Amino acid sequence: MKRQIALVDCNNFYVSCERLFRPDLKTTPVVVLSNNDGCVVSRSNEAKAVGIKMGQPWFECKELAEAHGVLALSSNYALYADLSNRVMNILGGYSPMTEVYSIDECFVDLTGMPKLRDISYQMRERVIQWTGIPVCVGIGPTKTLAKLANHIAKKHPRSKGVFNYNDLTEAQQTRLLSQISVDEVWGIGFRLSKRLAAHHIHTVQDLRAAHTPTLRAEFGVVVEKTQRELQGIACVDLQDHVPDKQQILSSQSFGKPVTELAVLQDALSVFSATASEKLRAQNSHAALIQVYLRTNWFREDQKQYCPSMTVPLPMPTNDSLVINRWVQHIAELLWRDGYKYKKAGIMLGEISPVAVVQADLLEPVKTSDTKLMRAIDGLNSRFGRGTIKVSSGGLRAEWGMRQERESPSYTTDWNSVPAVA
DNA sequence: TCTCCGATTAGAC
DNA sequence: CTAACGGTCTAATCGGAGA
């Protein structure tokens with residue numbers, strides 16, 4: 001039986017979330033900015049029409065945007081995560097096999113279900129009625145073709161938000177794929193599409209029909225798999241459980257340049273807490289710590305310094321305090337006076353499940369303070385991240401994010417909800 | 001020569 | 001007024017070191 005894989009994708013997700021609580025913005029052009037109000041990461045259709053590009057630095061398009069009355073908002077991830085969960089819960093009701101692929105996308109296996117069109121339209125209706133978030137549905141025999149079908153559903157208003165590639169004849173498929181640029185394909189980014197062009201592969205159809213052994217030799221297994229998927233042969237299966245992270249990062253660009261070690265260490269202590277919390281959330285521990293710092297590489301006039309150090313731990317751990325001690329120590333080793341640091345981060349690697357570690361028969365396992373860590377995680381999840389944190393000298397103002405355009409957290413913070421008369 | 005490893009590259013969103 | 005370009009993650013591939 002032919003697989004019917006649906007990819008449900010929220011339209012302009014972050015902007016749609018913001019608009020839920022600001023109905024007055026329904027027709028205003030809106031963009032949402034990344035951390036530090038740095039880059040544009042979500043655009044309303046009106047903002048796209050004005051010519052603002054995805055990923056564009058805000059300072060670069062600010063003038064254009066403001067000339068067209070574009071409203072820019074800081075990102076509010078607590079809000080987006082909450083709405084994402086609601087959308088995903090609804091979609092989960094449509095199939096025993098779903099894969100939450102990202103904050104705004106979900107694959108749903110509809111294979112064998114009758115009346116796919118009706119189901120697809122109902123999904124759309126239900127999600128928008130229950131959450132207010134508009135979505136589009138693309139269906140195909142493989143994940144890659146489902147993604148492409150979704151792209152078509154989004155782009156062509158005639159489709160009314162739903163497109164099923166499986167309904168096409170072979171001739172229709174060829175005609176359609178010939179009209180789509182190869183860089184729209186999942187897994188074909190900026191660089192690959194340039195290299196493919198050198199081999200006269202410009203459209204999706206070109207890639208689908210290309211000579212496979214040549215493709216394999218020139219571009220590797222990833223592109224070959226993509227080609228197979230475009231031919232309708234599944235190479236990528238749905239994953240219904242989220243695999244444990246193999247590495248965990250916590251990093252941030254600073255709101256203003258950091259020139260003092262104490263300020264850097266304050267930031268790093270927060271990163272340590274965040275990263276080890278994530279580690280404990282998946283019940284793992286790590287045996288490798290990396291710390292890195294960097295100056296602002298966009299400032300060619302300033303001297304650059306981008307050190308990093310990776311340290312294998314004598315014993316794997318998920319204890320914030322232990323991790324933080326290592327991090328602080330590494331930071332001192334890396335630090336050089338006289339630079340303007342723009343960004344720092346830590347990475348935890350060599351991650352494994354806590355349960356798997358066997359006690360050494362000869363040497364007693366050094367238990368870290370699991371009770372304390374559980375208490376910290378419990379309080380933080382009950383009262384919000386940062387309720388309890390590793391010692392921080394209160395220097396956050398010196399390095400924290402600039403976020404000057406944030407909307408209130410209506411769905412996750414009671415204090416943001418306006419009082420009702 | 002083979003294998004392992006860390007670093008680099010490319011991609012998603 | 002300042003300073004002014006995100007954050008996390010995975011997989012494949014490459015090149016050198018060591019067996």
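Protein chains get the first letters and strands the later ones, always in sequence-line order, with residue 1 at the start of each. Since the structure is predicted, the reported quantities are computational estimates derived from the model, not experimental observations. Scope of the values below: all heavy atoms of this structure, side chains included, with no hydrogens, waters or symmetry mates.
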K.L.:
Suppose we define a pair by two distances each less than 3.5 Å, Watson-Crick or G-U wobble; what does C:dG15 pair with here?
P.N.:
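Per the H-bond distance test, B:dC5.
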K.L.:
Both distances under 3.5 Å, Watson-Crick or G-U wobble: report the partner of C:dG7, or none.
P.N.:
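Its partner is B:dC13 (Watson-Crick or G-U wobble, both distances under 3.5 Å).
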K.L.:
Heavy atoms within less than 4.0 Å of DNA chain C: which residues of residues 180-211 of chain A have one? Give them sorted by number.
P.N.:
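Those residues whose heavy atoms fall under 4.0 Å from DNA chain C, taken from residues 180-211 of chain A, amount to none.
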K.L.:
Just do the side-chain hydrogen bond (donor to acceptor under 3.5 Å, both in side chains) check on A:N296 and A:K343 with the steps written out, would you?
P.N.:
CA-CA 7 Å; A:N296 187 347; A:K343 182 175 179 175; over 6 Å; no
K.L.:
Looking at A:S193, is its backbone amide N or carbonyl O close enough to the side chain of A:D183 to form a donor-acceptor pair, meaning the two atoms are under 3.5 Å apart?
P.N.:
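No, because the side chain of A:D183 does not come within donor-acceptor range (under 3.5 Å) of the backbone of A:S193.
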K.L.:
Which parts of nucleotides 8-13 of chain C does protein reach within less than 4.0 Å, heavy atoms only, written one letter per nucleotide 5' to 3' as B for base, S for sugar-phosphate only and - for none?
P.N.:
SSBSSS
K.L.:
Given A:T174 and A:R208, is the side-chain hydrogen bond (donor to acceptor under 3.5 Å, both in side chains) satisfied, shown in steps?
P.N.:
CA-CA 9 Å; A:T174 304; A:R208 185 170 74 141; 3.1 Å; yes
K.L.:
Among residues two or more places apart or on two chains, list those pairs meeting ring-ring contact (aromatic ring centres under 6.0 Å, His included) that have a residue in residues 318-345 of chain A.
P.N.:
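Listed once each, the pairs are A:Y305-A:Y339, A:W335-A:Y341.
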K.L.:
If I pick the C1' atom on C:dG6 and the same atom on B:dG11, what distance separates them, to the nearest angstrom?
P.N.:
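That atom pair is separated by 16 Å.
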K.L.:
Check whether any side-chain N or O of A:Q328 sits under 3.5 Å from a backbone N or O of A:Q265 as a donor-acceptor pair, and report yes or no.
P.N.:
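Checking the backbone N and O of A:Q265 against the side chain of A:Q328, a donor-acceptor pair under 3.5 Å is found.
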K.L.:
Output all residues satisfying ring pair (Phe, Tyr, Trp, His ring centres under 6.0 Å) with A:Y101, sequence neighbours left out; order by chain, then residue number.
P.N.:
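Scan of A:Y101 (ring pair (Phe, Tyr, Trp, His ring centres under 6.0 Å), adjacent residues dropped) gives A:F107, A:W186.
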K.L.:
Between A:R195 and A:E218, is there a side-chain N and carboxylate O pair less than 4.0 Å apart?
P.N.:
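Answer for the salt bridge query: no.
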K.L.:
Measure centre to centre between the rings of A:H151 and A:F163, then say whether the value is under 6.0 Å.
P.N.:
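No, the ring centres sit 6.0 Å or more apart.
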K.L.:
Just the rounded figure in Å: distance from C1' of B:dT8 to CD of A:Q290.
P.N.:
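Nearest whole value for this atom pair: 13 Å.
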K.L.:
Whole Å only: how far is the NZ atom of A:K143 from the P atom of B:dA12?
P.N.:
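Going from A:K143 (NZ) to B:dA12 (P), I get 14 Å.
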K.L.:
Is the A:W399 ring parallel, tilted or perpendicular to the A:F271 ring (thresholds 30°, 60°)?
P.N.:
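Perpendicular.
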K.L.:
Checking all strands, does A:D104 fall into the base, sugar-phosphate, or nothing category for heavy-atom contacts under 4.0 angstrom?
P.N.:
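Sugar-phosphate contact only - A:D104 comes under 4.0 Å of backbone atoms but never of a base.
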K.L.:
Produce the list of close N/O pairs, under 3.5 Å, pairing protein atoms with atoms of nucleotides 1-5 of chain C; give distances to one decimal.
P.N.:
residue	atom	partner	partner atom	Å
C:dA4	OP2	A:R299	NH1	3.3
C:dC5	OP1	A:K342	NZ	3.2

K.L.:
Below 4.0 angstrom, N of the basic side chain to O of the carboxylate: do A:D109 and A:R3 qualify?
P.N.:
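Answer for the salt bridge query: no.
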K.L.:
Output all residues satisfying side-chain hydrogen bond (donor to acceptor under 3.5 Å, both in side chains) with A:S95, sequence neighbours left out; order by chain, then residue number.
P.N.:
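Partners of A:S95 by the side-chain hydrogen bond (donor to acceptor under 3.5 Å, both in side chains) criterion come out as none, since no residue qualifies.
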K.L.:
If I take atom CD in residue A:E105 and atom P in nucleotide B:dG11, what distance separates them, rounded to the nearest angstrom?
P.N.:
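Computing the A:E105:CD to B:dG11:P distance gives 17 Å.
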K.L.:
How close or far is atom P of C:dG7 from atom CG of A:L33, stated in whole angstroms?
P.N.:
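So the two atoms are 13 Å apart, to the nearest Å.
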